[in-house]
Structures are given as C-alpha cells and as structure tokens.
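Structure, as structure tokens:
All values below come from the heavy atoms of this structure, side chains included, with hydrogens, waters and symmetry mates left out. Atoms within each ligand, like the ligands themselves, are counted from 1 in listed order.
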Amino acid sequence: MSIFDQESVLSVHHWTDNLFSFTATRNPSFCFRSGEFTRIGFKIDENPLLRARSLASAHYEDRLEFFSIKVPDAPLTSRLQHLKEGDEIIVSREATGTLVIDNLEDGRNLYLISTGTGLAPFLSVIKDPETYLRFENVVLLHGCRRVAELAYGEMIAEKLPSDELVGDFVRYQLIYYPTVTRDSFCNRGRITDLIESGKLFTEIELPELEPQHDRVMICGSPALVRDARELLAAKGFVEGDRGAPAQFVFEKEFAERNTLSSSRKRGLHEP
Ligand code: A2P
C-alpha cells in the first residue's frame, strides 16, 4: 500500500495576500487524531515534494482542510497557493504531532494559544466532542497582527455554535478570544501580555492560569512558543510530550514550519 493518498482539491479560500485555506477529498481509511499534522504536496517527476501541515478538519469529516501561508518562490507553498478546484495533491497517510489532548493530564480548563496559521490544529480540536468531555471550559486564543488575518472567526463564533454534533458543547464550553496587535479591534494585545497582565482572565471571567487546574496547548511563531513556554514554566507548569502527559504541550515541528511570522522573519522563504 502506498504511503500517500492522491486527493482532489474541492475548494480554495484566500483570506489575505498571505493566508489561504483549501479543502480536499479524504481517503476514508486515513485516520488522524484532532491536533495532528500530516505532510502534503505534489509528485514532481515521481518524487514527492512535501511539507508538514496541520489538519484543520475534524477527524470525523469526510474532507480534509488545511490553513496555510503563501510564500512566493518557495518550492511547495508557491505551488500550493495557486491550487484550484480539481487539482491533485498527495497526502501522507501518516499523521502525527504533540497537540493532542492525550498528551495532557486531566484538568478543568483547556487553553489553546495560537498565532497566525497556528490556529489550524485547534480548529480540529474544537470540533472534537472528546475535547469537551475532558475539559469544562475550552479557551481558544488567536493572536494576529491584523483583523483580516483572524481567519475562521465567523465559522467559530457564528457557525460552530449551531453545529449538529458539537453545537451544544461549543455554546456552553468554548470561549473564543481573537486579538490583534496592529489594528483597532475589540480585543487588542499579544496573548502573552494579556495573560501576564491578567486582562484576559478578567474579560473571560475565569481565574488566572494555575497548573493545578489548567492545561495549555501552544501553536504559533517560534517567538510566541518561546515566550509562552517561559511564561508557563514560571507559573510552575510542566511540559508534556508524546506518551508523557503533563500540563502543557507545544508543536515543535509546526512552530518552525507553518506560521506566517516564521516566513516573515525569514523574508518569506519556505522553511
Ligand atoms: P506584534 O504585532 O506585537 O509582533 P506574527 O505574524 O509576527 O507571527 O505575529 C502574529 C501575532 O503574534 C501578532 O499579534 C504579534 O504581535 C504576536 N506575537 C509576535 N511575537 C510574539 C511573542 N513573542 N509573544 C506573543 N505574541 C507575539
């Protein structure tokens, strides 16, 4: 059996000049856990050209969804950004990653901290009923420079609450907190600053983060991951990993590869 599935692009949505999403067919036998990533790309002269991308679709959906940056002149992303309906891509049948709730100990509140395309794995996590059975409150934080970069905001705030499968969970247990740093918006500031100042907790009406009750997943730019890890470690949170559940986890692979900021910092080169 091949280690790749060939899939067809079903739809493409461009959020900004730098961000886009697309959906593709799914081989029903391809399994993944919410929060994992796989490798996607093209076959070029029979050789696969692949990059890691988080699965933004739920594990039970019959199509795959990916949320990606656009990087001009990068071998894979420059091709990906021109995808159109009907195009063929290849998808590795192996999904993996650290951002799965099995890597966290039981707790009361689950915080999902993301910037840019770091939101992608959490789109899958918030559509999984299991997430809400494990945690009382699920707080999704998405930080971007600009309002236009707050992709999926409408889906999360307006469509998901009436979803047949998870709508009830979402209405009662999901707190969505988008924030921007370089536009005027209802929520402003870096996520780490909002946590440190306590402003976040006043606004969402939950107690400040504490290792005894809270669990955290982090996905975003390397700078965000570094600072959020430091912040959590200073509060006494212990880092978990595959097979060693603890109080917080971050995606090492994804932090380096998928974010708009890492491409910005690298002068828009593909990692
Ligand atoms: P800022 O505008 O103050 O840099 P980027 O596109 O660079 O990844 O940024 C996405 C969002 O993450 C922006 O709002 C940015 O804020 C914020 N950000 C960048 N670096 C950090 C960091 N080290 N800790 C927390 N937030 C960060």
Return the option from [options] holding the heavy atom at the smallest distance from [atom].
atom                    : options                : result
atom 23 (N) of ligand 1 : Thr192, Leu231, Asp227 : Asp227
atom 10 (C) of ligand 1 : Ser114, Gly143, Gly220 : Gly143
atom 15 (C) of ligand 1 : Thr181, Leu194, Thr179 : Thr181

Would you check if there is a donor-acceptor pair between the side chains of Glu65 and Thr23 at a distance under 3.5 Å? no
Mode of [X] contact toward ligand 1 - side chain, backbone, both, neither (heavy atoms, under 4.0 Å):
X      : value
Ser221 : side chain
Glu149 : neither
Thr115 : side chain

Please determine which of Val91, Ile90, Thr38 meets the side chain to side chain contact (heavy atoms under 4.5 Å, CB included) test together with Leu50. Ile90
Give a yes or no on this: more than 12 heavy atoms of other residues, nucleotides or ligands lie within 6.0 Å of atom CD of Glu230. yes
Any N/O of Arg226 closer than 3.5 Å to an N/O of ligand 1? no
Please indicate whether any nitrogen or oxygen in Ile191 is less than 3.5 Å from any nitrogen or oxygen in ligand 1. no
For ligand 1, is Cys144 a contact, meaning one of its heavy atoms is under 4.0 Å away? yes
Taking the six-membered ring for Trp, are Tyr132 and Phe169 parallel (under 30°), tilted (30 to 60°) or perpendicular (over 60°)? parallel
